[in-house]
Every structure is written in structure tokens, then in C-alpha cells.
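What follows is a set of notes on a single structure, which appears directly below.
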Amino acid sequence: MLKFTPILLAILYALAMYRFSVWRTGKELDAKSTELADPALKQLTDRLAASLDLARIPVYIYEIDPVNGLAAPDGRIFITRGFYRKFRNGEVTGEEMASVIAHELGHVALGHARRRMIDFSGQNALRTALIMVLGRFVPFVGVWIANMLTSVLASKLSRSDEYEADAYAAALLTKAGIGVGPQKSLFHKLDSLTEKRAGMAPAWLLSHPDTAQRIAALEQLESRWKTSD
Ligand SMILES: [Zn+2]
């Protein structure tokens, strides 16, 4: 019985962390966001909404600078102020913004946003449990192995989410008559927009897959759709 106590504690800890993360994320987003009111972007999101038989797709501006889009666990979609500014400056087109919104819709539709919060707290629980178990057999190095195993697993999970959300967005953008082009052109810009530091970590360890690989995956989808016409 005692043997299982650390694992039970880790599970309880994970549940509490999950509740807390959802609550904190919601509070943070409520305090720092407003609904986006941009006629040019609304015209595009209305086309996405029509393809999904929805009246409209509300999009919110999250008042932070780093260029990003995100889907909250409650299903709301956010574009950062920094990203919107790039659109207003003309560095990013409306269609490219629509491709980000479609990608985030994909995370919502496929249940990723909620799962990602679970992943985050689940990661902590898994790490804690692994440290407790491995630490007994291999002191010191056990902690290091536990951390590495957890990171590799987490990056694998989030990478597959990105490819799935990209594929969802590609299908939705195609149905809405916007096409996959803006998705690809944004990926070409993405590296410079986010000022990614190259060569910091091997590709398989990064939570976001390489943009070249994401473009290749989209092109594979496009060629498959063309041949099935
Ligand atoms: Zn994503």
C-alpha cells in the first residue's frame, strides 16, 4: 500500500494543478483581452463561420507583445496585440491572420486546448512520479532521466497537435475559398516574425515543429486533395 502512496499523491497534485491552471489562465485572459472589432478581419472570419454553419467566430485581442495565437481551454480564440500590430503594419495579410484563426479553431475543435492543460499538469505529475520511482534505483541520475523522458514525451504530443491543427485549418481555409496559400506564406514569415534563435536545440526537442516541415505537410495534403478531385 505504501508503495503506491507517492503515485496517488502525484495524481492528486496533478488534478489540483489542472484546476488551478484553468482558473488562472481564464482570469489572466479576462483581465487582458477585448473582443476584436476589425471590419477587414471580420469579413474573413465570417467566411470561416459560414463554412462551419456558425453565425460568427468571436476573436479576442490578448494584450501582450509576442507574436502568437492561442486557444483557451474554454474555446475562446485569441490573437496577441503584437500579432495584430503586424497585420496593421501590413507585414501580415488578412488572409494570413485568418489562417492563424483557423489553426486555433482546429485546436478547439480537436479538443487540444483542454488536453494541453492536462498535458501540462500531467507532465508535472509524471515527472514527480518518475523522480520518485527512478530516484530509488538510480540516485541523482534518476532525476535527470525523469526530466528528459517527460520533456521528450511532451514535445512529441504537442508536435502532433500542431500538425493536426494545420490540417484542420487547411481544410477549413480551402472550403472557405481562402486556400492554403496564406498558411504557407505565413510560415515563411514566421521565423523572422518570432525572431527565432536558430540552432538552439535539435528539431525533435522543440515544442513547435520546424516551419519547413509544416509547409511540406501542407503540400502533401494539397497534392492529395488535387488528385482526388
Ligand atoms: Zn498550434
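All heavy atoms count here, side chains included; hydrogens, waters and symmetry mates do not. In this chain, residues are counted from 1 in sequence order. Keep in mind that this is a model prediction, so the values were computed, not measured. Start at 1 and go down the list; that is how both ligands and their atoms are numbered.
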Under a 4.0 Å N-O cut-off, is there an ion pair linking Arg81 with Glu63? yes

Is the distance from the Zn ion (ligand 1) to some N, O or S atom of Glu104 under 2.8 Å? no

Output the distance between atom CD1 (Ile57) and atom CG (Leu52), rounded to the nearest 0.5 Å. 5.5 Å

Measure from the Zn ion (ligand 1) to each N, O or S atom of His107 and report whether any distance is below 2.8 Å. yes

Do the side chains of Asp166 and Lys184 get close enough for a salt bridge, i.e. N-O under 4.0 angstrom? no

Is Asn89 reaching over with its side chain to a backbone N or O of Glu91, donor-acceptor style, under 3.5 angstrom? no

For the Zn ion (ligand 1), which N, O or S atom of Glu162 is at the shortest distance? OE1

